[in-house]
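Ligands are counted one by one from 1 in listed order, and the atoms in each one are counted from 1 as well. In this chain, numbering begins with 1 at the start of the sequence shown. What you see below is based on every heavy atom in this structure, not just the backbone, and it leaves out hydrogens, waters and symmetry mates.
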Amino acid sequence: MSQTDPSLALKALTDWWGEMGVDVDETQIRALRKAAESRTAEAPAPKSSNEQPQRLPRHLMKKTHADWVNEAKTLAADAQTLDALKTAIEGFDGCILKESARNTACFDGVQGAPVMVIGEGPGAEEDARGLPFVGKAGQLLDKMLAAIGLSRKENTFITNVNYWRPPGNRNPSDEELELCRPFVDRMIELGQPKLIIAAGGVAAKSLLQSRVGIMKLRGSEHALKTPGGYEAPMFPIFHPAFLLRRPEEKSRAWRDLLNIQARLEELS
Ligand code: URA
């Protein structure tokens with residue numbers, strides 16, 4: 001009889017809890033996962049020779065947060081194309097969220113498009129498909145973009161400030177965002193968008209390194225400059241998931257979209 005890997009069994013359970021909307025005590029889950037993985041790591045090697053070698057879990061690699069941030073910076077700087085950057089992000093083991101995620105959701109849409117939308121991070125549907133904004137919020141985002149002549153099939157590139165689904169759909173932590181940031185900056189430098197749309201408060205605050213909330217950040221243009229020196233105007237908007245819960249805010253969202261359209265016309 002084949003034995004279930006305890007770490008994988010735990011992941012299946014926490015994924016299921018997340019999908020059911022149950023709040024997960026992450027400290028406890030992390031401790032349980034560590035214990036399960038250590039037991040797996042200590043177990044004798046399987047006799048069968050056709051099993052794949054297991055990657056060492058992040059917590060056993062003995063690297064500090066600063067080491068991982070530096071590794072992310074090096075990997076990002078080395079990537080010369082968006083596809084190479086995607087491969088680098090998928091291979092990066094520095095973010096704990098990757099351990100519970102099913103897939104890495106890097107980007108979708110047209111590479112080199114004039115508009116780049118940057119959201120918060122994958123939810124359940126994005127995690128399952130490995131693509132950003134493909135769930136209900138993504139469908140509303142597509143409609144919002146279409147209203148001003150934008151589409152991920154023709155002229156828009158879509159990504160997030162974090163590439164792995166947080167358990168229970170919580171917000172990514174500052175540390176998790178810091179680990180992804182070198183990749184986000186490099187994506188902007190390689191994509192060279194004329195204009196950036198930050199979808200929601202988490203993305204806007206993270207990109208601007210600001211504590212100011214979306215209610216104040218939306219409605220005006222901000223300058224976003226990467227460490228590599230690429231600069232583009234950035235417009236924070238309400239997150240489509242927020243608009244699904246608060247449809248009365250759609251008129252303000254519409255005003256923001258019209259501002260973006262007018263600015264894009266100026267830029268082209
Ligand atoms: N919300 C986001 O911010 N990004 C996604 O990719 C999906 C939902």
Side-chain angles (χ1 to χ4, degrees), residues 15 18-21 82 85-86 89-90 92 95 97-98 100-111 113 115-146 150-153 156-181 183-185 187-188 191 193 195-210 213-215 217-218 222 224 234-247 249-250 252-253 256-257 260:
D15 280 355
E19 270 151 32
M20 297 284 101
L82 286 165
L85 186 61
K86 180 172 187 270
I89 296 168
E90 287 169 347
F92 178 65
C95 184
L97 295 177
K98 189 181 181 188
S100 56
R102 284 187 204 165
N103 282 299
T104 305
C106 277
F107 57 71
D108 194 17
V110 179
Q111 297 191 12
V115 176
M116 182 179 283
V117 177
I118 308 183
E120 169 181 331
E125 190 70 22
E126 289 78 17
D127 182 45
R129 291 178 53 192
L131 286 171
F133 279 110
V134 288
K136 280 208 176 100
Q139 285 160 22
L140 177 56
L141 176 69
D142 284 340
K143 285 187 192 153
M144 292 162 69
L145 294 174
L150 299 175
S151 118
R152 68 174 92 196
K153 294 242 179 300
T156 306
F157 182 87
I158 299 185
T159 184
N160 282 309
V161 288
N162 157 50
Y163 308 105
W164 298 279
R165 181 192 183 199
N169 287 343
R170 65 155 171 77
N171 287 347
S173 69
D174 288 347
E175 274 201 343
E176 289 152 1
L177 291 170
E178 198 184 355
L179 287 160
C180 293
R181 186 60 193 256
F183 299 121
V184 175
D185 284 327
M187 216 174 279
I188 295 169
L195 182 149
I196 295 169
I197 299 175
V202 171
K205 283 158 70 176
S206 165
L207 288 168
L208 294 170
Q209 294 290 290
S210 166
I214 187 68
M215 291 294 172
L217 290 176
R218 62 152 286 281
H222 303 257
L224 189 62
M234 189 194 90
F235 290 79
I237 62 169
F238 286 136
H239 196 284
F242 170 76
L243 292 172
L244 286 171
R245 294 192 303 274
R246 298 272 297 274
E249 295 291 359
K250 280 190 181 164
R252 282 204 276 180
D256 294 343
L257 290 173
I260 290 169

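- Not one N or O of Pro122 is nearer than 3.5 Å to an N or O of ligand 1, by distance alone.
- Below 4.0 Å from some heavy atom of Pro132 lie the following atoms of ligand 1, by number and element: 6 (O).
- Closest to atom 1 (N) of ligand 1 among all protein heavy atoms lies His239 NE2, 3.1 Å.
- Nearest residue to atom 8 (C) of ligand 1 from Pro172, Gly121, Ala124 is Gly121 (criterion: closest heavy atom).
- Remark: side-chain polar atoms of Gln139 are not paired, donor with acceptor, to backbone N or O of Lys136 under 3.5 angstrom.
- Glu176 and Arg170 are joined by a salt bridge, as a carboxylate oxygen and a charged side-chain nitrogen come within less than 4.0 angstrom of each other.
- By the 30° and 60° cut-offs, the orientation of the rings of Phe107 relative to Phe157 is tilted.
- Counting the atoms of ligand 1 from 1 in the order shown, those under 4.0 Å from a heavy atom of Asn160 are 2 (C), 3 (O), 4 (N), 5 (C), 6 (O).
- Minimum heavy-atom separation, Glu126 to Phe133: CG-N, 3.3 Å.
- For Asp185 and Arg181, the salt-bridge test passes: some basic side-chain N is under 4.0 Å from an acidic carboxylate O.
- Listed by number with element, the atoms of ligand 1 under 4.0 Å from a non-hydrogen atom of Gly119 are 3 (O).
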Stepwise side-chain contact (heavy atoms from CB on, under 4.5 Å) test for Thr159 and Met116: CA-CA 8 Å; Thr159 184; Met116 182 179 283; 4.3 Å; yes

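- Looking at Glu126 against ligand 1, only its side chain comes within 4.0 Å, counting heavy atoms.
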